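Order of appearance sets the numbers: ligands from 1, and atoms from 1 within every ligand. Being a predicted model, the structure only gives us computed values, none of them experimental.
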Amino acid sequence: MFKLASTLTLVLAATAATAASKGKWFDSVGIIMSENEDFWLTTQQAPYQALVAQGLLTTNYFGLSHVSEQNYAAIITGVLDPNIYRGDASTPANLNITYPTILEQLKAKGLTYKQYTESYPGGCYQADMYPDNPSGALYYKRHSPFNMISSLRGTPECLTAIGTYDDFANDVANGTLPNYFWIIPNDLHNTHTADTTPNPFADANPWTATEGPKWLAAAQKANALFINTWDESRCDNTAKYPCGTHLDQQIATVLWGPMVQKNATDNKYWNHFSIARTIEENWGLTPLGAGDKNATAFDFLLPNPSTNSPSGGSGSTSPRNGGSASASSSASLSKASMGLNFLGALGLMAGILVVL
Ligand SMILES: *[C@@H]1O[C@H](CO)[C@@H](O)[C@H](O)[C@H]1NC(C)=O
Ligand SMILES: *[C@@H]1O[C@H](CO)[C@@H](O)[C@H](O)[C@H]1NC(C)=O
Ligand SMILES: *[C@@H]1O[C@H](CO)[C@@H](O)[C@H](O)[C@H]1NC(C)=O
Ligand SMILES: *[C@@H]1O[C@H](CO)[C@@H](O)[C@H](O)[C@H]1NC(C)=O
């Protein structure tokens, strides 16, 4: 009987986890973070245009800081903190996020997360770069948000939560893409190399051309929203990087997945806090800091396609998941599917009883 009871508990737990991952718009979200490039130049690149053709381009989206790491940290904490800084001759390094992050909120809801980090050696690597040599480094801690989180550092969990980019293909193939993930391209593929090459997209374009179709397919398979954005613009109105006729901090951000219109644009104002707020509203998470509290969620996403709800997927978050103000119209459908899951669990129990 004990065995039976614990089996039932496991089955019910699995059922609950499935219900929890069904968000208002998506079941999974991935942020692909590139580096230091302007809207006008990014949108001229053919591999990028191929993504835009399958998704939505925001034409009025802005970075928050001209210090890379502050943009990454803002998306996971809702806080724009000038003290998050790689350090220089007069300032001690502080790549150490000590605020609450969205990871704790996700975990509390039974949602999963992971960072896919290109050119990362694994093993909770601590140093600021890898290889640990400024002339050959491809991975940088300051571009690797999970590695900056104090509560994750040095824990057993960071061995699995911070993976390599190879893990991404494995997880897609195995159907184990987490609910929340980041893809961190290396410093050749994230357009950061512009300082040393004449064409900032020389390394990134072939990589995006190869990986882009995989990202598009993964979004369909996992009912995932993918967001490719840049941390900040290259131009910053300094003598070295004048903005000219372009806007300081305007960056290209493209989104795709089954909940996104194809070949579309949106011209409302958005920034990195909009990403945080959208993810929070998707699963009924509480906003964390001044930035995401003040932001609004992307209003162009379509209802979650995986709920099969004719009146909209906003009720897909079950009541236990917090739900949202507009959840009433399809709440009954959501309950119906939970009922089916419960019947499935009963059926499994009956099967176990027969075996016993
Ligand atoms: C990060 O901050 C925490 C809390 O203040 C501190 O205990 C820890 O030593 C810091 N870690 C690093 C690497 O600075
Ligand atoms: C599935 O995941 C396992 C690890 O759990 C891994 O060894 C295997 O390569 C993955 N399969 C595919 C097709 O990637
Ligand atoms: C995308 O939209 C533009 C107009 O905004 C149109 O000219 C173009 O043909 C569309 N492309 C596809 C592939 O639908
Ligand atoms: C709140 O967001 C708006 C943009 O939507 C911005 O103009 C304003 O400065 C923000 N306020 C705070 C306190 O962050």
message: Checking Phe226 against Phe181 for the ring pair (Phe, Tyr, Trp, His ring centres under 6.0 Å) test, could you report, in this order, the C-alpha distance in whole Å, the side-chain angles of both residues, the deciding distance, and whether it holds?
response: CA-CA 9 Å; Phe226 274 63; Phe181 62 94; 5.4 Å; yes
message: Evaluate Tyr48 against Trp230 for ring pair (Phe, Tyr, Trp, His ring centres under 6.0 Å), listing each step before the verdict.
response: CA-CA 12 Å; Tyr48 192 77; Trp230 268 254; 5.5 Å; yes
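Applying the salt bridge (Lys or Arg N to Asp or Glu O under 4.0 Å) criterion to Asp81, with sequence neighbours excluded, gives no partner residue.
Transitive grouping of hydrophobic side chains (ILVMFWY, heavy atoms separated by less than 4.5 Å) keeps Val67 and Ile251 in distinct clusters.
A salt bridge links Lys214 with Glu211; the closest basic N to acidic carboxylate O contact falls under 4.0 Å.
Within the listing of ligand 4, atoms 4 (C) sit less than 4.0 angstrom from a heavy atom of Tyr269.
A heavy-atom separation below 4.0 Å is found between Arg153 and ligand 1.
Checked by distance only, ligand 1 and Asn96 come closer than 3.5 Å through their nitrogen or oxygen atoms.
Each of Asn263 has a non-hydrogen atom positioned under 4.0 Å from some atom of ligand 3.
Aromatic rings from Tyr61 and His272 are positioned such that their centres are separated by under 6.0 Å.
Looking at every heavy atom in both residues, Gln220 comes nearest to Gly257 through NE2-C, 4.2 Å.
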